[in-house]
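Below you'll find the structure, written out as structure tokens, and then a few comments.
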Amino acid sequence: MDGVGGTIVEVEAYDHEDPAAHGYRGRTARNASMFGPPGHAYVYRSYGIHWCLNLVCEPEGVANAVLVRALEPTRGLDAMRERRGLDDVRLLCSGPGRLTQALAITREHDGLPLDRPPFELRARPAPAAVVVGPRIGITRAVDLPWRYGLAGSRFVSRPFPRA
DNA sequence: CTTTCGATGATCT
DNA sequence: GATCATCGAAAGG
């Protein structure tokens, strides 16, 4: 993504039968890309201020997606700092609205494939240790433990509950 | 440390 | 008219 990026350290799952998901009540103009082919982006405006990035999951035609909530920044740190108006690496991408600002993701990226520029999504070289917990900032299906984080990462948007 | 609250606009009812 | 998968600043302990 334009020379900036990092390692995904926190995501949340949104299933098509999940009352908290945008796709739950069927296809609309906003969530159309959620119903499109897997491996593409679903980007929407949040609270009129922020953008949020989802990775559309299979199967095609079913509204399953994963919200990217935090990255550990690895490339283009200075560009991110400039966009965010911050120096603290820890705060550059530790939140769904923050990482889209740091990466300059907007509605223009909605529906784009994640394996081609400007995106460049790659698999992690080795399996990661993962921690789970309840999702953040939602009002329905609050108890589903569908928030996943990289164990021990200091770059998650908020700490995970202690085991 | 914690809680509260305003910003801001598209989307949905 | 109400809701919202957020953030950051401000105020209170």
Side-chain angles (χ1 to χ4, degrees), chain A residues 1 4-59 61-73 76-77 79-112 114 119 121 130-150 153-162:
Chain A
M1 174 66 77
V4 299
T7 306
I8 296 177
V9 297
E10 180 185 346
V11 296
E12 282 177 4
Y14 287 90
D15 175 77
H16 67 112
E17 292 182 331
D18 166 17
H22 288 172
Y24 180 60
R25 291 165 199 259
R27 182 178 188 141
T28 66
R30 171 179 63 168
N31 66 24
S33 54
M34 252 188 154
F35 291 81
H40 287 229
Y42 163 48
V43 180
Y44 71 95
R45 182 89 104 163
S46 172
Y47 289 88
I49 300 175
H50 308 283
W51 298 99
C52 288
L53 170 66
N54 287 250
L55 315 181
V56 178
C57 302
E58 55 186 5
V62 177
N64 295 331
V66 166
L67 169 69
V68 182
R69 287 194 55 89
L71 305 181
E72 176 176 345
L77 290 242
M80 294 193 196
R81 287 194 174 101
E82 191 168 341
R83 288 171 183 152
R84 297 267 300 122
L86 282 174
D87 286 340
D88 191 345
V89 186
R90 198 128 148 205
L91 297 177
L92 286 181
C93 298
S94 58
R98 291 168 174 172
L99 92 256
T100 52
Q101 185 185 9
L103 299 187
I105 290 175
T106 68
R107 182 164 213 87
E108 298 173 17
H109 304 279
D110 185 40
L112 295 182
L114 296 164
F119 287 108
L121 181 64
V130 170
V131 291
V132 305
R135 294 178 290 183
I136 292 179
I138 58 175
T139 58
R140 295 187 281 215
V142 175
D143 295 332
L144 287 175
W146 284 0
R147 176 178 180 234
Y148 303 92
L150 177 63
S153 175
R154 306 184 309 289
F155 296 92
V156 294
S157 63
R158 293 171 44 174
F160 279 76
R162 275 281 170 207

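So you know, we letter chains A, B, ... as the sequences are listed, proteins then strands, and number each from 1.
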Gap between atoms [atom1] and [atom2], on [X] and [N] respectively (whole Å):
| X | N | atom1 | atom2 | result |
| --- | --- | --- | --- | --- |
| Y44(A) | dC12(B) | OH | C1' | 15 Å |
| E10(A) | dT6(C) | CD | P | 10 Å |
| I136(A) | dC7(C) | CD1 | P | 9 Å |
| R84(A) | dT6(C) | CZ | C1' | 11 Å |

Remember a base hit wins even if backbone is also touched, and classify [X] as base, sugar-phosphate or nothing at under 4.0 Å, heavy atoms.
| X | answer |
| --- | --- |
| R69(A) | sugar-phosphate |
| I49(A) | base |
| R107(A) | sugar-phosphate |

Nearest atoms (heavy-atom pairs only) where A70(A) meets S157(A):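 Heavy atoms only, the tightest pair is CB-N, 4.1 Å.
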More than 12 heavy atoms of other groups within 6.0 Å of D143(A) CG: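 No.
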Would you mind telling me which of [options] lies closest to the side-chain atoms of [X]?
| X | options | answer |
| --- | --- | --- |
| C52(A) | dC4(C), dT6(C), dC12(B) | dT6(C) |
| R98(A) | dG8(C), dT13(B), dA5(C) | dG8(C) |
| H50(A) | dA5(C), dT6(C), dC4(C) | dT6(C) |
| R30(A) | dC4(C), dC12(B), dA5(C) | dC12(B) |
| M34(A) | dT6(C), dA5(C), dC4(C) | dA5(C) |
| P96(A) | dT6(C), dT11(B), dC12(B) | dT6(C) |

Any T139(A) side-chain N or O less than 4.0 Å from OP1/OP2 of dT3(C):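 Negative; the distance criterion is not met.
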dT6(C) OP1/OP2 closer than 4.0 Å to side-chain N/O of R45(A):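 Answer is no, no contact under 4.0 Å.
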Gap between atom CZ of R147(A) and atom CZ of R135(A) - 0.5 Å precision: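 The distance works out to 12.0 Å.
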Identity of whatever pairs with dA7(B) - Watson-Crick or G-U, under 3.5 angstrom: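 dA7(B) is paired, partner dT6(C).
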Donor/acceptor link under 3.5 angstrom from Y47(A) side chain onto base of dA10(B):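 In this structure, the two groups form no donor-acceptor pair.
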